[in-house]
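What follows is a single structure, written as structure tokens, with notes after it.
Counting from 1, the numbers follow the sequence of the chain as shown.
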Amino acid sequence: MGQILAIDYGKARCGLAVTDDMQIIASGLETVENRFLMEFLKKYFSENKVDDVVIGLPIDLKGNISEVETDILKFIEEFKKEFSDIAVHRFDERFTSKMASFFISQSGKSKKKRQEKGLIDKVSATIILQNFLEQRLR
């Protein structure tokens, strides 16, 4: 069994999280600028067995899809061409950034660290992945 990798795809950068090999626990991995994402994934997949990728679905409170979805769909198309053997799943990412900010503030990190966008992206990806894992068990 391989890992599951989650991507919180943003306008400028992506937060990444992965499971352990037993696909039980989600952990933050990295924050990568969009322009380096495919390069990062190629290297990561060459060193780690990844079975599935979960990509956040950016829906607002009214149920509308965010404008970044256009970029996400382009990325998914490119991803499927490059990694045709890895399944791609979408998962609702509503509230993940707010939850990430809350969890980081509760962690005792300094104010400067709490405001670091990359950390929020990575924690958001971890929340997306953990929620995906929990839903899969239902």
Residues pairing under side-chain hydrogen bond (donor to acceptor under 3.5 Å, both in side chains) where one sits in residues 75-84, two or more places apart or in two chains, turn out to be none

Atom CD1 of Ile72 and atom SG of Cys14: how far apart are they, to the nearest 0.5 Å? 8.0 Å

Test Arg13 against Glu30 for salt bridge (charged side-chain N to carboxylate O under 4.0 Å, His left out), laying out the working first. CA-CA 10 Å; Arg13 69 192 162 276; Glu30 189 68 65; over 6 Å; no

Once the angle between the rings of Phe75 and Tyr9 is folded into 0 to 90°, is it parallel (under 30°), tilted (30 to 60°) or perpendicular (over 60°)? tilted

In chain order, what residues pass the side-chain hydrogen bond (donor to acceptor under 3.5 Å, both in side chains) check against Glu39, with sequence neighbours excluded? none

Of all the heavy-atom pairs spanning Phe83 and Met38, show the shortest one and how long it is. CE1-CE, 3.7 Å

Closest approach of Gly15 to Ala125 (non-hydrogen atoms, all atoms of both residues): O-CB, 3.3 Å

For the pair Gln23 (side chain) and Gly2 (backbone), establish whether a donor and an acceptor sit closer than 3.5 Å, ignoring hydrogens and angles. yes

Does Val68 belong to the same Ile/Leu/Val/Met/Phe/Trp/Tyr cluster as Val54, with side-chain heavy atoms less than 4.5 Å apart forming each link? no

Hey, does Asn64 have a side-chain heavy atom less than 4.5 Å from the side chain of Ile59? no

Plane angle bin for Phe132 and Phe91 - parallel if under 30°, tilted between 30 and 60°, otherwise perpendicular: perpendicular

Would you please name every residue forming a ring-ring contact (aromatic ring centres under 6.0 Å, His included) with Phe40, sequence neighbours left out? none

Partners of Glu67 by salt bridge (charged side-chain N to carboxylate O under 4.0 Å, His left out), sequence neighbours excluded? Lys11

In Å and rounded to the nearest 0.5 Å, what is the OG1 to CG distance from Thr126 to Leu16? 9.5 Å

Side chains of Leu5 and Thr19 in contact at under 4.5 Å (non-hydrogen atoms): no

Cluster question for you: counting only ILVMFWY and a side-chain heavy-atom cut-off of under 4.5 Å, with indirect links fine, are Ile76 and Phe36 together? yes

Give a yes or no on whether Leu37 and Leu73 share a hydrophobic cluster (residues Ile, Leu, Val, Met, Phe, Trp, Tyr; joining criterion: side-chain heavy atoms under 4.5 Å apart). no

Report the distance from atom OG1 of Thr70 to atom CD1 of Ile65, rounding to the nearest 0.5 Å. 10.0 Å

To the nearest 0.5 Å, what is the distance between CD1 on Ile55 and CG on Asp8? 11.0 Å

Side-chain touch Pro58/Arg90, heavy atoms, less than 4.5 angstrom: yes

Under the salt bridge (charged side-chain N to carboxylate O under 4.0 Å, His left out) rule, collect the residues that match up with Lys49, sequence neighbours excluded. Asp51

Do Ile7 and Leu41 come close enough that some side-chain heavy atom pair is under 4.5 Å? yes

Side chain to side chain contact (heavy atoms under 4.5 Å, CB included) partners of Asp21, counting only residues at least two apart: Gln3

For the CD1 atom of Ile128 and the CG atom of Asn131, what is their distance to the nearest 0.5 Å? 8.5 Å

Membership question, hydrophobic clusters at under 4.5 Å side-chain separation (ILVMFWY): are Val53 and Leu129 in the same one? no

Would you indicate whether the side-chain heavy atoms of Ile4 and Leu133 approach each other to under 4.5 Å? yes

CG-NZ distance between Asn48 and Lys43, expressed to the nearest 0.5 angstrom: 9.0 Å

Correct closest heavy-atom pair for Gly10 and Asn34 would be O-ND2, 2.8 Å

